[in-house]
Amino acid sequence: MPELPEVETTCRGIEPHLAGTRVHHVTVRQKQLRWPVPGALAREIAGAQIRQVTRRAKYLLIGTSQGTLIIHLGMSGSLRIVDDSEAPGKHDHIDLHFGDSRLLRYTDPRRFGAWLWCTQPVEQHPLLAALGPEPLGDSFHGDYLFHQSRGRKLAIKSFIMDSHILAGVGNIYANEALFRAGIHPLRAAGRISRARHAVLADAIRDVLEAAIHQGGTTLRDFLNSEGKPGYFRQSLEVYGRTSDPCPRCGTPIREIRSGQRSTFYCPRCQR
DNA sequence: AGAGGTACCTGGCAGC
DNA sequence: TGCTGCCAGGTACCTC
């Protein structure tokens with residue numbers, strides 16, 4: 001469920017609770033996530049002072065005095081601040097205790113997420129080192145997309161979802177950005193003009209910022225760190241709207257598969 | 001090197 | 001009602 005706006009929403013939601021506090025201990029009830037939760041984590045994070053909570057792509061980075069906790073929410077993960085009197089549910093796999101009555105609780109039914117521990121400079125971690133630029137950062141712009149895409153025959157939708165090209169653009173927002181930019185999702189990335197790449201880069205930035213502003217998109221069950229849903233769903237123009245009229249021209253929205261992912265577009269507006 | 005497919009895991013839902 | 005099969009927001013890794 002969580003794409004970049006949902007991770008950013010989570011990051012902003014938990015940061016005020018975490019920054020400056022000390023980790024007391026960690027309870028791991030289920031260590032079998034995407035990768036096993038490292039045994040060193042519980043041992044080495046105990047007593048650490050939390051310095052800041054940041055985000056890189058869809059990874060949450062909890063910087064401490066003793067190392068960086070890397071958290072990925074996968075497809076169904078969420079983090080909440082809860083009181084320790086609240087009994088853990090079936091999918092509440094990890095608790096980060098702060099020594100008072102509060103804790104950070106990680107819930108993840110599908111267990112596609114990750115909790116990793118890094119004592120090196122975190123930007124050198126193998127999962128982060130090869131990532132493309134942040135779509136909301138200064139180094140991302142149309143010319144970057146244009147140059148990266150020369151000679152590539154890959155569908156533009158798969159191209160912008162490749163984390164080595166661009167970090168953190170998932171299926172929902174790839175669909176929405178391509179609609180806003182008027183680009184057909186199957187068009188070869190290398191056969192899109194410089195001008196249209198500029199429009200696309202702006203569209204990606206705009207749709208992500210709008211989603212963050214509305215607290216992310218809740219499809220089935222995404223809840224932010226306060227347990228509330230996001231409200232961007234009602235702003236989705238093509239995602240999940242098969243056969244609905246295109247908001248711009250009225251033509252029925254079409255659904256196809258691209259790279260094994262559901263792909264939605266307006267056959268008239270997107271070329 | 002690039003492109004496409006597979007795997008991880010569970011829950012929800014459509015269809016029978 | 002109950003079963004089966006399919007689908008899902010991610011992404012590293014495998015093969016061709």
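What you see is a predicted model, and the numbers here were worked out from it, not measured in a lab. Computed from heavy atoms alone, side chains included, the values below leave out hydrogens, waters and symmetry copies. Numbered from 1 within each chain, the chains take letters A, B, ... in sequence-line order.
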Ring centroid separation H24(A) to F98(A) under 6.0 Å
no
CZ of F112(A) versus P of dT10(B): gap in Å, rounded?
9 Å
Pick the P atom in dT11(C) and in dA1(B), then give their distance to the nearest Å.
24 Å
For dA1(B), does OP1 or OP2 lie under 4.0 Å from any side-chain N or O of R152(A)?
no
Hey, what's the ring geometry for Y265(A) with H184(A), parallel, tilted or perpendicular (30° and 60° as the breaks)?
tilted
From dC7(C), dT10(B), dG4(B), nucleotide with atom closest to L154(A) side chain
dG4(B)
Could you tell me whether the side chain of R111(A) has a donor or acceptor atom within less than 3.5 Å of a complementary atom in the base of dC9(B)?
no
The complete set of side-chain hydrogen bond (donor to acceptor under 3.5 Å, both in side chains) pairs with one or both residues in residues 240-251 of chain A, sequence neighbours excluded, reads T242(A)-E255(A)
Taking protein heavy atoms under 4.0 Å as touching, what does nucleotides 11-16 of chain C look like 5' to 3' if B marks base contact, S marks sugar-phosphate-only contact and - marks none?
BS----
With rounding to whole Å, what would you report as the distance between dC9(B) and dC3(C) at their P atoms?
24 Å
What is the distance from CD of E3(A) to C1' of dG9(C), rounded to the nearest Å?
5 Å
Looking at the side chain of K153(A), which of dA3(B), dT10(B), dG9(C) is the nearest nucleotide?
dA3(B)
Can you give me the dot-bracket string for DNA chain C, 5' to 3', counting Watson-Crick and G-U wobble pairs with both distances under 3.5 Å, using [ ] for crossing pairs and | for partners on another strand?
.|||||||.|||||||
